[in-house]
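Since the structure comes first, as structure tokens, the remarks are kept for the end.
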Amino acid sequence: DPIGATAAIQGLQGAFPVAFDIEVECQQVQSIALARSGERALVIPFWWGERGSTWGLEAEAQVWEALQDLFTTTPMIAQNALYDLAYLSRYGVQCQTLWMATMVAFHLLSPELPKALEFMTSLYTDQPYYKGDRLTQDEEVFWRYNGLDAMVTWECAMAIHKEMLE
């Protein structure tokens, strides 16, 4: 429901950082997940396999517009920010409030260690391994995977920020 998605996105706006993660298939954004904690995420699916688009063009445009508002008013966190932001720009979303790129921030703290989210998740969170779910054909498992990526990115960002302040 694009109205519900738009309202949920608007509910995330504010001064508190929001982590995001996109999933891409066939050079298109398949979904975006947004998390303001390590316990809950909003996952917005745009399309899935043979079923195709989740909404019509006009409804989807409303969701992208709400995302643009979020990305210009709220501190944002991403793991692979350059990749995600390049794709989002294709949909008219320009991030003006990137608060942290966790891959870069972690590299500044520990240049000798891997920068993959999987590795950082093992250091900074209690989340069991889930990265294998990326290849699932089960739609619900896939959306859960996207949400988990956003949640652990948020958790990692908070831990990295704390280390940077120490």
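In what follows, residues are counted from 1 in the order of the sequence shown.
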Practice item. Any pair with a residue in residues 38-47 that passes side chain to side chain donor-acceptor pair (under 3.5 Å), sequence neighbours left out, goes on the list, sorted by first then second residue, please. Key: none
Check your understanding: Mind checking who shares a hydrophobic cluster with L165, ILVMFWY linked at side-chain heavy-atom distances under 4.5 Å?
Key -> none
**Study point:** Min side-chain heavy-atom separation T136-Y145 under 4.5 Å
**Key:** no
Practice item. Write down the atom of L117, the atom of C156, and the distance for their closest heavy-atom approach. Key: CD1-SG, 4.4 Å
Review point. How far apart are the closest heavy atoms of A41 and A35, and which atoms are they?
Key: CB-CB, 4.1 Å
Practice item. Mark yes when over 12 heavy atoms from residues, nucleotides or ligands other than Q137 sit less than 6.0 Å from its CD; otherwise mark no. Key: no
Practice item. Measure across F20 and M76 and return the closest heavy-atom pair with its distance rounded to 0.1 Å. Key: CD2-CE, 3.7 Å
Practice item. Work out which heavy atom in R36 is nearest to a heavy atom in P17; give both atom names and the distance. Key: CG-O, 3.8 Å
Point to revise | Shared-cluster residues of I3, by chain and number - hydrophobic side chains joined below 4.5 Å | key: none
Check your understanding: Do Q30 and N146 have side-chain heavy atoms sitting under 4.5 Å apart?
Key -> no
Review point. Can you list every pair that meets side chain to side chain donor-acceptor pair (under 3.5 Å) and has a residue in residues 112-130, with sequence neighbours left out?
Key: Y124-E163, Y130-D149
Point to revise | Non-hydrogen atoms of G14 and P75 that approach each other most closely | key: O-CD, 3.3 Å
Check your understanding: Got F46 and I32 here, is their nearest side-chain heavy-atom distance under 4.5 Å?
Key -> yes
Check your understanding: Looking only at heavy atoms, which two atoms of Q13 and A66 are closest? And how far apart?
Key -> NE2-O, 4.4 Å
Study note, to complete from the structure: Residues at least two apart in sequence or cross-chain that pass side chain to side chain donor-acceptor pair (under 3.5 Å) with T54, listed by chain then number, are none
Exercise for review: If you link ILVMFWY side chains whenever their heavy atoms are less than 4.5 Å apart, which other residues fall into the same cluster as V141? By chain and number, please.
Suggested key: none
Review point. Under the salt bridge (charged side-chain N to carboxylate O under 4.0 Å, His left out) rule, what pairs show up with a residue in residues 5-26, not counting sequence neighbours?
Key: E23-R134
Review point. Quick one: CD1 on I77 to OG1 on T153, what's the gap to the nearest 0.5 Å?
Key: 8.5 Å
**Study point:** Residues forming a salt bridge (Lys or Arg N to Asp or Glu O under 4.0 Å) with R90, sequence neighbours excluded
**Key:** none
Practice item. State which residues pass ring-ring contact (aromatic ring centres under 6.0 Å, His included) with H161; sequence neighbours excluded, sorted by chain then number. Key: W99
**Study point:** Contacts of type salt bridge (Lys or Arg N to Asp or Glu O under 4.0 Å), residue R144, not counting sequence neighbours
**Key:** D133
Review point. Is the number of heavy atoms from other residues, nucleotides or ligands under 6.0 Å of L109 CG greater than 12?
Key: yes
**Study point:** No-hydrogen, no-angle side-chain donor-acceptor test under 3.5 Å, Y87 and Q28
**Key:** no
Check your understanding: Rest of the hydrophobic cluster containing V43 (Ile/Leu/Val/Met/Phe/Trp/Tyr, side-chain heavy atoms under 4.5 Å)?
Key -> W48, F142, W143
Review point. Does any non-hydrogen side-chain atom of C95 lie less than 4.5 Å from one of T97?
Key: yes
Check your understanding: How would you list all residue pairs meeting side chain to side chain donor-acceptor pair (under 3.5 Å) that involve residues 56-85, not counting sequence neighbours?
Key -> E60-W64, Q79-T102
